[in-house]
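Okay, so here's the structure we're looking at.
By convention in this document, chain letters (A, B, ...) are assigned in the order of the sequence lines, proteins followed by strands, and residues within each chain are numbered from 1.
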Amino acid sequence: MERLAPELLVKEKKEKVHELPDLEGAEGGVVMRLAPNPSGPLHIGHTRMAILNDIYVKRYGGRLIVRMEDTNPPTILPEAYDLILKDLDWLGVEYHEVVNQSSRFQIYYDHAMKLLEGGNAYMCGCPSDDWRAAKEQGMACPCRDAGPRDNLGLWERMLAGEYKPGEMSMIVKTDLNHPNPAVRDFVALRLVGEPHPLTGDEFRVYPLYNYSVAIDDHLMGMTHVLRGKDHLNNTLRQEYVYEHLGWTKPHFHHYGWVSIEDTELSTRKIRAAIEEARYSGWKDPRLGTVAALERRGIQPEAIRQYWIDVGIKGVDIRFSWENLYAYNKDIVDPGAKRYFFVWDPKTVSITGTDVLESHAPLHPEHQEMGTRVTQLSGDPIHVKAVAGDIQALPPDTRVRFKDLCNTLSGEPGIFSYAGNELSFIKEGAKIIHWVGPDAVQAKVLMPDGKLIEGLAEKAALDSLGEVVQFERFGFVRLEPGDEIEAYFAHQ
RNA sequence: GCUCCCAUAGUGUAGACCGGCCAAUCAUUCCAGCCUUUCGAGCUGGGGACUCGGGUUCGAAUCCCGAUGGGAGCACCA
C-alpha cells in the first residue's frame, strides 16, 4: 500500500472553504437590494447584509440595487448618502443602481389610491393611541368600515394639506383577528411636518417602512429579499400588500440576529457623541463603523470572509472580533513590513564595542522586500528599549537585541556586548527589540481609546498609509501624513 | 401578556430536507512540542459540543411532542 499509492496515506488537509448555500429559485439570475437608512455611515453590523447580497448577485448574475430608505426626515444625515456608498465601494460591493425612496412619492401615492379603491386600506383620523388599543383587542376603529368613495375623499384632503401631522393617516388592512398582534393593520402613510433634506417641503405625506418596502420591492423587480430576522414580522405585513395588489412575492430569507459586544454601534448615539466631541468623528478607532475599521487596517476581504463563515442561518450569533482578526491577519501578514516600536522607552547602554550595524529584514519570509539598516556608534552605544524588557534582570542574563547583537545584563540599563552568534538564542537568550538614536516619535491609538506613545524606527516613515507589524506589539495601520500615527488593528 | 424565529465545543460553522458511512467537519481560540533573531507566521500533537426530557425506530445530532434557554416583533422608526 505504502509502495503502491503513498499519496493515499498522506493525511489530506481538508481546508474546506466554507461557502454560502444556494438560494432557492435563483438559477436564472437575481435582483436583490440593500436598503440602508441614511442616518449615518455603515457599521460592521450593516456589512453583513451588504456582503451577503453582493455575493449572491455575483454568484447568480443580476442586479443589486441600493435603495436609500429616507422616508423619515428627522433621522436623515444628509452626508450619509455619500458615506454609505463610499463604505460599499470600499467593501467591494458592486451595486448597479442607487435609488432614493424620497424620489418616489408619486408612486407611493398612486398605489395608496389603488389600495383604497380596492377596499384594502382605509383612512383613519383616530388618535393613534386609541387605534392601537383597539387593534390590540382585535377590534376595528370606526374608520375601518368606510367605503372607497369616502376614503378616497379623505385621501385627497390629506394630500391637499387639510390635516396636520397625526390627524390623518392611511392604513393597510390585514387581519384584525390575526393571532400575532404584530401583524394586524398597519399604518402605511402619514403626515410629516418637518422638511426633507432632499425634497424640502414639497411632500408632506410620507410612506412608512412596511408600505414603501413592499411597493418598491415589487416595482423594482426583487426576486430575493435577504435580510435579518428582525424583519420576520415585517415580511408578514408586507405580504398583505402583495396579496391586496395581486403581486407575486419574492423569495424571503431571514438570517439570525447578531449581537456585537463592546462596540458602540448606535448611529444616533454616535452622532450625538461626535457633536459633543466625545468621539473624534465617524472614524474614531473606538467605533465599529466601516470607516473606523478601514482606518485600523481591517481589510474588506476579511470582513467578507467572516460573514461567509457565519453564513445565512437563522441562528442568533455573537459577533467575534477574534475570528474577524484571524481572517485579517491571514490577509495582512504576508505583506506587512516589520518595524520596531518601543513603547515606554528607556535608554540602555551597550558596552564593550563602539560600532554596531543592524540588518533587519522588512519581512522575515520575504527577504526580497528589503532590509532596514541601522548604524550605531559610540562608547558606549546607546539605544532605547521597552522599560519592561530591561528591568529586574538578574546579572548576566542573556539578552539578544534582535537583529543587532548579543549581550549580558549588568548594572540596570547597562549591557555588555557578547558577540553576534545566533546560537546564543539556543542558550536561552531573551530577545528584545530596540530603536537607535534616529528613532522618531510615534503614537498608537488603540480600539479602547487608549493612546500609546513611544519611538519607532525611522524607516517606518517609508510605510505611511500601509498596514505594518510593530514587532512584539501587533499589526497597525500607519496614517498617511508626515509622522507616525498608527491605528491598532490586532495582535 | 400575545405572536414568531432559533438551539452542535469559548466563538462561529458542516452534518439535519433524504435517520445508519458521525466514537460529529472545518476555522478560530486554548494547551504542549518542533521550527524560528517577534509574544508573528509555519508544522505536529492535544483539549473542547449534538440544551434537557419523552416518543417513533433495529438504529436519532438528524423525525415528532414537551420543557428550558436565547432572540425578535406587537411605532403615524427603519
If you take the centroid of each ring, where Trp contributes its six-membered ring, are [Y] and [X] closer together than 6.0 Å?
{"X": "A:Trp155", "Y": "A:Tyr109", "value": "yes"}
{"X": "A:His253", "Y": "A:Tyr56", "value": "no"}
{"X": "A:Phe475", "Y": "A:Phe488", "value": "no"}

Which is true for [X] with a 4.0 Å heavy-atom rule: it touches a base, it touches only sugar-phosphate, or it touches nothing?
{"X": "A:Leu422", "answer": "base"}
{"X": "A:Gly256", "answer": "nothing"}
{"X": "A:Gln491", "answer": "nothing"}
{"X": "A:Cys126", "answer": "base"}
{"X": "A:Ser259", "answer": "nothing"}
{"X": "A:Asp230", "answer": "sugar-phosphate"}

- Item | Contact nearer the 5' end of RNA chain B, comparing A:Phe473 with A:Val192 | A:Phe473

- If you pin A:Trp257 and A:Asp389 to their nearest nucleotides in RNA chain B, which one's is more 5'? A:Asp389

Quick one: the side chain of [X] and the base of [N], do they pair up donor-acceptor inside 3.5 Å?
{"X": "A:Asn323", "N": "B:U11", "value": "yes"}
{"X": "A:Asn234", "N": "B:A78", "value": "yes"}
{"X": "A:Glu322", "N": "B:G10", "value": "yes"}

Could you please name the partner base of [N], counting Watson-Crick and G-U wobble pairs only when both distances are under 3.5 Å?
{"N": "B:U38", "result": "none"}
{"N": "B:G66", "result": "B:C52"}
{"N": "B:U57", "result": "none"}
{"N": "B:G19", "result": "none"}
{"N": "B:A24", "result": "none"}
{"N": "B:U3", "result": "B:A72"}
{"N": "B:C30", "result": "B:G46"}

- Message: Tell me whether the NZ or CZ atom of A:Arg372 lies within the 45° cone about the ring axis of A:Phe340 and under 6.0 Å from its centre.
- Response: yes

[M] and [N], which share atom name [atom1], separated by this distance in whole Å:
{"N": "B:U28", "M": "B:C74", "atom1": "P", "answer": "40 Å"}
{"N": "B:A7", "M": "B:C34", "atom1": "C1'", "answer": "40 Å"}
{"N": "B:U11", "M": "B:G48", "atom1": "C1'", "answer": "12 Å"}
{"N": "B:C31", "M": "B:C77", "atom1": "C1'", "answer": "49 Å"}
{"N": "B:U56", "M": "B:C43", "atom1": "C1'", "answer": "48 Å"}
{"N": "B:C18", "M": "B:C64", "atom1": "P", "answer": "10 Å"}
{"N": "B:U44", "M": "B:A27", "atom1": "P", "answer": "10 Å"}
{"N": "B:A14", "M": "B:U3", "atom1": "P", "answer": "30 Å"}

If you check every side-chain atom of [X], which of [options] has the closest atom?
{"X": "A:Ala182", "options": "B:U29, B:G73, B:U38", "value": "B:G73"}
{"X": "A:Val310", "options": "B:U28, B:G12, B:G71", "value": "B:G12"}
{"X": "A:Lys313", "options": "B:U38, B:A16, B:C6", "value": "B:A16"}
{"X": "A:Asn233", "options": "B:C39, B:A78, B:A72", "value": "B:A72"}
{"X": "A:Pro364", "options": "B:C76, B:U38, B:C74", "value": "B:U38"}
{"X": "A:Ser169", "options": "B:G70, B:G40, B:C76", "value": "B:C76"}
{"X": "A:Lys402", "options": "B:G71, B:U29, B:U38", "value": "B:U38"}
{"X": "A:Glu365", "options": "B:A78, B:G40, B:U3", "value": "B:G40"}
{"X": "A:Asp316", "options": "B:A78, B:G1, B:G71", "value": "B:G71"}
{"X": "A:Val315", "options": "B:A7, B:C76, B:U28", "value": "B:A7"}

- Query: What residue among A:Arg338, A:Arg477, A:Lys337 forms salt bridge (charged side-chain N to carboxylate O under 4.0 Å, His left out) with A:Glu466?
  - Reply: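 That would be A:Lys337.
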
Whole Å only: how far is the [atom1] atom of [X] from the [atom2] atom of [N]?
{"X": "A:Phe401", "N": "B:U38", "atom1": "CZ", "atom2": "C1'", "answer": "15 Å"}
{"X": "A:Phe252", "N": "B:C4", "atom1": "CZ", "atom2": "P", "answer": "19 Å"}
{"X": "A:Gln469", "N": "B:U36", "atom1": "CD", "atom2": "C1'", "answer": "14 Å"}
{"X": "A:Glu471", "N": "B:U38", "atom1": "CD", "atom2": "C1'", "answer": "5 Å"}
{"X": "A:Asn328", "N": "B:U29", "atom1": "CG", "atom2": "P", "answer": "13 Å"}
{"X": "A:Gln137", "N": "B:C74", "atom1": "CD", "atom2": "C1'", "answer": "13 Å"}
{"X": "A:His366", "N": "B:G42", "atom1": "NE2", "atom2": "P", "answer": "12 Å"}
{"X": "A:Arg48", "N": "B:G12", "atom1": "CZ", "atom2": "C1'", "answer": "11 Å"}

- Message: Side chains of A:Arg237 and A:Asp185, heavy atoms from C-beta outward: is any pair under 4.5 Å?
- Response: no

- Answer yes or no: is there a side-chain heavy-atom contact under 4.5 Å between A:Arg398 and A:Leu408? yes

Strictly below 4.0 Å: does [X] bring a side-chain N or O up to OP1 or OP2 of [N]?
{"X": "A:Arg132", "N": "B:A75", "answer": "yes"}
{"X": "A:Lys426", "N": "B:U36", "answer": "yes"}
{"X": "A:Ser39", "N": "B:A78", "answer": "no"}
{"X": "A:Arg227", "N": "B:A78", "answer": "no"}
{"X": "A:Lys329", "N": "B:A41", "answer": "yes"}

- Task: Go through the side-chain N and O atoms of A:Asp70 and A:Tyr81 and say whether any donor and acceptor fall under 3.5 Å apart.
- Result: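 Yes, A:Tyr81 and A:Asp70 have a side-chain donor paired with an acceptor closer than 3.5 Å.
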
- Item | Donor on one side chain, acceptor on other, A:His363 and A:Glu365, under 3.5 Å |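 No pair is found: no donor N or O on one side chain lies under 3.5 Å from an acceptor on the other.
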
- Query: Can you name the one residue among A:Arg472, A:Lys402, A:Glu471 that meets side-chain hydrogen bond (donor to acceptor under 3.5 Å, both in side chains) with A:His433?
  - Reply: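 Only one of A:Arg472, A:Lys402, A:Glu471 forms a side-chain hydrogen bond (donor to acceptor under 3.5 Å, both in side chains) with A:His433, namely A:Arg472.
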
